Amino acid sequence: MLKGIGASDGIGIGRVMLIVEQSLKYTPTTVTDVDAELKRYREAVDRFCENTMQQAESIRKSTGDKEAEILEGHIAIIRDPFMGGEIEKLIQAQQCAEAAVEQICQMFIDMFSATGDDLTMQRAADVRDIKDGVLSILLGVQEVKISDAPAGTVLVCKELTPSMTAGIRKENIVGIITETGSQTSHSAILARALEIPAVLSVSGAVTQLSSGEQVIVDGKAGSVITAPSPEEVETYTSKREAFLRERRELENYRGKKTLNADGTEFELFCNIGTPKDANKAVEADGEGVGLFRTEFLFMDRDRLPTEDEQFESYKQASLILKGKPLIIRTLDIGGDKDIPYLGLAKEENPFMGFRAIRYCLKNRDMFKSQIKAILRASAFGDIRIMFPLITAVEELRAGKALVEEAKADLKASDIAFDENIRVGVMTETAASGVIADLLAKEADFFSIGTNDLTGYTMAADRGNGDVSYLYSPFQPSVLRMIRSIITCGRAEGIPVGMCGEAAANPMMIPLLISFGLTEFSVSAPSVLKVRKNIAKWTKAEADAIAEKVMSMTTEAEITDYLRSVV
Ligand code: PEP
Ligand code: MG
């Protein structure tokens, strides 16, 4: 078995087609007729653009606009006057077109690769694709025709380039295996868009697999089963059928309201980490964003993002959501989330230490600039503010006071914002659970963070294997905490959501319906599954389950019972 990154869900069973890169070797020469060489280069670029346009058109028909735009981006890159100008300068200095294209493209590839930023590194893959395309034309090398692949083909290559993808006939390709790429690489995006199971970053795939051999691609587990036994083929064939059945069934829930079996409506939001993730929320049919983890804007850089930079990010997310709600959680650092340039002191017990709202309230300038950025963005959509790790009413009051100060500053500068912006509490500590009645009187909404709530209630670190048997949201203590938070919120008439992982757990859903939760916020791929699971239960059925569960004494009893009913 070969292991890699599961990048597109599903099971593919088929025979390998190895895509071995054609040699693009050449001997650099000094040209004497510069004008003729420039003409040869320009014609190659024209041909490249024509081919790419055709490929984009075909991918637009088979896959969609977004995927076609990746290819059209290649034309924009090669037509970029700076890049083209630099290549032509080298030709004018008597380098042959191949060497000029290679040198300048490589310069861009190195530059983009060095950033370490996932998205910018994608640009390096684009330029590599362009370089190979133009070189193939200049050298007259024939490209492999993926479009000729027979039915039941598993494509195996170093890297799946957008131009290769254009040749894919969805009905013939049952799996993709590559040696490079990550969850967010173009290969992954395209494979998901084509709904072809894919495993990326399988090291040595091209050398270890040979054309014609049978393999099974498990895009969920991120594994490739080589030389499968007849039993394995049978098992995976049933798994594949079950997967396809579920996918078809889930599609019935796309574009629908989130209703339980009685027709009561719930909100079904997504959790995101970057503004661009808002696209994933929309594509997944999320009805908004219930948790924007803003700490990602502060990580992977060497200084604080400015108010303007943050404003642009929050505004971008909000515009993508086109008026759907966006709950922005203020900076939640410390604990497991370090930001080196802030120079946080090492603590004996960081999870109980100087972090999240505690750190922000002591670093008021930084906190106020985040709040101002959120307020400014609130002029562009339905934005709400949420404070993490609240343990006392004073913290909520201090945070709200800062929101008022920030509003006054903006007003004085005549900057627009939503005057009625809602300010909520992330109930994720034992303390906030116990004083939920008090917090509910002063918060505009609650969102239950079960990831931390479970840890703080059980005094069990989520990352510590020795105590993981205690870390379960189905512990009677945690369930009582959840029920109490929802009851207290509802008593004060404020909406109560859940943005911890437990919100997507099918065993938790009937309990949440019974307790009175109004909003679920889950990862994008879970949206349709959660909608389907909510639709399963009437309130009366959910109440009967919850009543039974809340009378039980141990976590094992509860989970055994829930497993038997869901
Ligand atoms: C939580 O604690 O449940 C939560 C959603 O926040 P995070 O996982 O970012 O701590
Ligand atoms: Mg948390």
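Keep in mind that what you see is a predicted model, and the values were worked out from it rather than measured.
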Scanning both residues in full, the closest heavy-atom pair of Ser8 with Ile196 reads OG-O, 2.8 Å

Notebook entry, point to check: Within the distance-only criterion (no hydrogens, no angle test), does the side chain of Thr454 pair as donor or acceptor with the backbone N or O of Asn451 below 3.5 angstrom?
Noted result: no

* Are the side chains of Phe515 and Met550 in touch, meaning some heavy atoms are under 4.5 Å apart? -> yes

query = Under 4.5 Å between any side-chain heavy atoms of Phe243 and Arg247, yes or no?
reply = yes

Step by step, work out the side-chain contact (heavy atoms from CB on, under 4.5 Å) result for Val174 and Val154. CA-CA 6 Å; Val174 297; Val154 174; 3.8 Å; yes

On a heavy-atom basis, the closest approach of Gly181 and Ser201 is O-OG, 2.7 Å

Dump the intermediate steps for side-chain contact (heavy atoms from CB on, under 4.5 Å) on Glu519 and Phe269, then the final yes or no.
CA-CA 7 Å; Glu519 171 241 310; Phe269 294 165; 3.5 Å; yes

Worksheet item: Does atom CD of Glu171 have more than 12 heavy-atom neighbours, drawn from other residues, nucleotides or ligands, at distances under 6.0 Å?
Response: yes

So salt bridge (Lys or Arg N to Asp or Glu O under 4.0 Å) across residues 5-15, not counting sequence neighbours, yields Asp9-Lys220

(Q) Whether the side chain of Asp277 engages the backbone of Lys280 through a donor-acceptor N/O pair (distance < 3.5 Å, no angle test) should be reported. (A) no

Report yes if some heavy atom in the side chain of Ile75 is under 4.5 Å from a heavy atom in the side chain of Cys49; otherwise report no. yes

So the side-chain hydrogen bond (donor to acceptor under 3.5 Å, both in side chains) pairs with at least one residue in residues 535-545 (sequence neighbours excluded) are Ser514-Asp543, Thr538-Glu541, Lys539-Asp543

State, with a plain yes or no, whether a side-chain heavy atom of Ile448 is found less than 4.5 Å away from one of Glu428.
no

Sorted by chain and number, sequence neighbours left out, side-chain hydrogen bond (donor to acceptor under 3.5 Å, both in side chains) with Ser472 holds for Glu555

To the nearest 0.5 Å, atom OG1 of Thr52 lies from atom CD of Glu72 at 10.0 Å

So OH of Tyr26 and CG of Leu139: to nearest 0.5 Å the spacing works out to 8.0 Å

CD1 (Ile177) and OG (Ser223) are apart, to the nearest 0.5 Å, by 10.0 Å

- Is the side chain of Thr120 donor-acceptor paired with the backbone N or O of Thr115 at a distance under 3.5 Å, no angle test? no

Worksheet item: Yes or no on side-chain contact (heavy atoms from CB on, under 4.5 Å) for Cys105 and Met83, after CA distance, side-chain angles and deciding distance?
Response: CA-CA 8 Å; Cys105 287; Met83 189 174 203; 3.8 Å; yes

**Report entry** Backbone N/O of Val206 and side chain of Glu179: donor-acceptor pair under 3.5 Å
**Finding:** yes

Practice item. Decide, yes or no, whether a salt bridge links Glu57 with Arg60 under the criterion of side-chain N to carboxylate O below 4.0 Å. Key: yes

*Would you please say whether a donor-acceptor pair under 3.5 Å links the side chains of Ser521 and Asn271?*
yes

Report task. For Ser113 and Asp110, test the side chains for any donor-to-acceptor distance below 3.5 angstrom and give the result as yes or no. Result -> no

Between Asn533 and Val566, is any pair of side-chain heavy atoms under 4.5 Å apart?
no

Test item: Tyr456 side-chain N/O and Phe351 main-chain N/O as donor-acceptor pair under 3.5 Å
yes

In this structure, CG of Leu470 is separated from CE of Met458 (nearest 0.5 Å) by 4.5 Å

Nearest heavy-atom contact between Ala317 and Leu326 is CB-CD2, 4.0 Å

Does any N or O in the side chain of Thr237 come within less than 3.5 Å of the main-chain N or O of Val233, such that one atom is a donor and the other an acceptor?
-> yes

Distance col, row Ser147:OG vs Asn172:CG, nearest 0.5 angstrom, shows 9.5 Å

Mind listing the side-chain donor-acceptor pairs of residues 250-259 below 3.5 Å, one per line with the distance, residues two or more places apart or on another chain?
residue : atom : partner : partner atom : Å
Glu251  : OE1  : Arg254  : NE           : 2.7
Glu251  : OE2  : Arg254  : NH2          : 3.2
Asn252  : ND2  : Glu249  : O            : 3.4
Arg254  : NH1  : Glu283  : O            : 2.9
Lys256  : NZ   : Asn252  : O            : 2.7
Thr258  : OG1  : Glu287  : OE2          : 2.5
Thr258  : OG1  : Arg531  : NE           : 2.9

Here the gap from Leu479 atom CG to Thr450 atom OG1, rounded to the nearest 0.5 Å, amounts to 10.5 Å

- Message: Between Arg240 and Asp218, does any NZ, NE, NH1 or NH2 come within less than 4.0 Å of an OD or OE carboxylate oxygen?
- Response: no

- Query: So, are Asp126 and Arg123 salt-bridged, with charged N and O less than 4.0 Å apart?
  - Reply: no

In short, Cys499 meets Ser447 closest at the heavy-atom pair SG-OG, 3.2 Å

Give a yes or no answer on whether the side chain of Thr180 reaches the backbone of Lys158 with a donor-acceptor pair at less than 3.5 Å. yes

Before you tell me yes or no, could you show the steps for Arg169 and Asp148 under salt bridge (charged side-chain N to carboxylate O under 4.0 Å, His left out), namely the whole-Å CA-CA distance, both residues' side-chain angles and the distance that decides it to 0.1 Å? CA-CA 9 Å; Arg169 304 209 349 235; Asp148 292 344; 5.7 Å; no

Is the closest side-chain heavy-atom distance between Thr178 and Val202 below 4.5 Å?
no

| query | More than 12 heavy atoms of other residues, nucleotides or ligands under 6.0 Å from CD of Glu234: is that the case? | reply | no

Query - Over 12 non-hydrogen atoms of neighbours within 6.0 angstrom of CE in Met53 - result: no

In terms of heavy-atom contacts, Val527 and Asp285 come closest through CG1-O, 3.7 Å

| Are any non-hydrogen side-chain atoms of Leu562 and Leu511 less than 4.5 angstrom apart? | yes

| query | Do the rings of Phe48 and His74 sit parallel, tilted or perpendicular, given the 30° and 60° boundaries? | reply | parallel

Any donor-acceptor pair under 3.5 Å from Thr264 side chain to Asn260 backbone | no

Counting distance only, does the side-chain N/O of Ser211 pair as donor-acceptor with the main-chain N or O of Leu18 below 3.5 Å?
yes

Table please: side-chain donor-acceptor pairs of residues 288-298 below 3.5 Å, with sequence neighbours left out.
residue : atom : partner : partner atom : Å
Thr294  : OG1  : Arg329  : O            : 2.7
Thr294  : OG1  : Gln370  : NE2          : 3.0
Glu295  : OE1  : Asp332  : N            : 3.3
Glu295  : OE2  : Arg329  : NH2          : 2.4

For Lys131, the salt bridge (charged side-chain N to carboxylate O under 4.0 Å, His left out) test, sequence neighbours excluded, returns Glu102

Report yes if some heavy atom in the side chain of Ile130 is under 4.5 Å from a heavy atom in the side chain of Val134; otherwise report no. yes

- Examine distances only and state if a side-chain atom of Glu213 and a backbone atom of Ser210 form a donor-acceptor pair shorter than 3.5 Å. yes

Taking every heavy atom of Ile558 against every heavy atom of Pro476, the minimum-distance pair comes out as CD1-CG, 4.0 Å

Quiz prompt | Test log, rule side-chain contact (heavy atoms from CB on, under 4.5 Å), inputs Gln106 and Arg128 | solution = CA-CA 8 Å; Gln106 197 55 49; Arg128 202 170 296 119; 6.0 Å; no

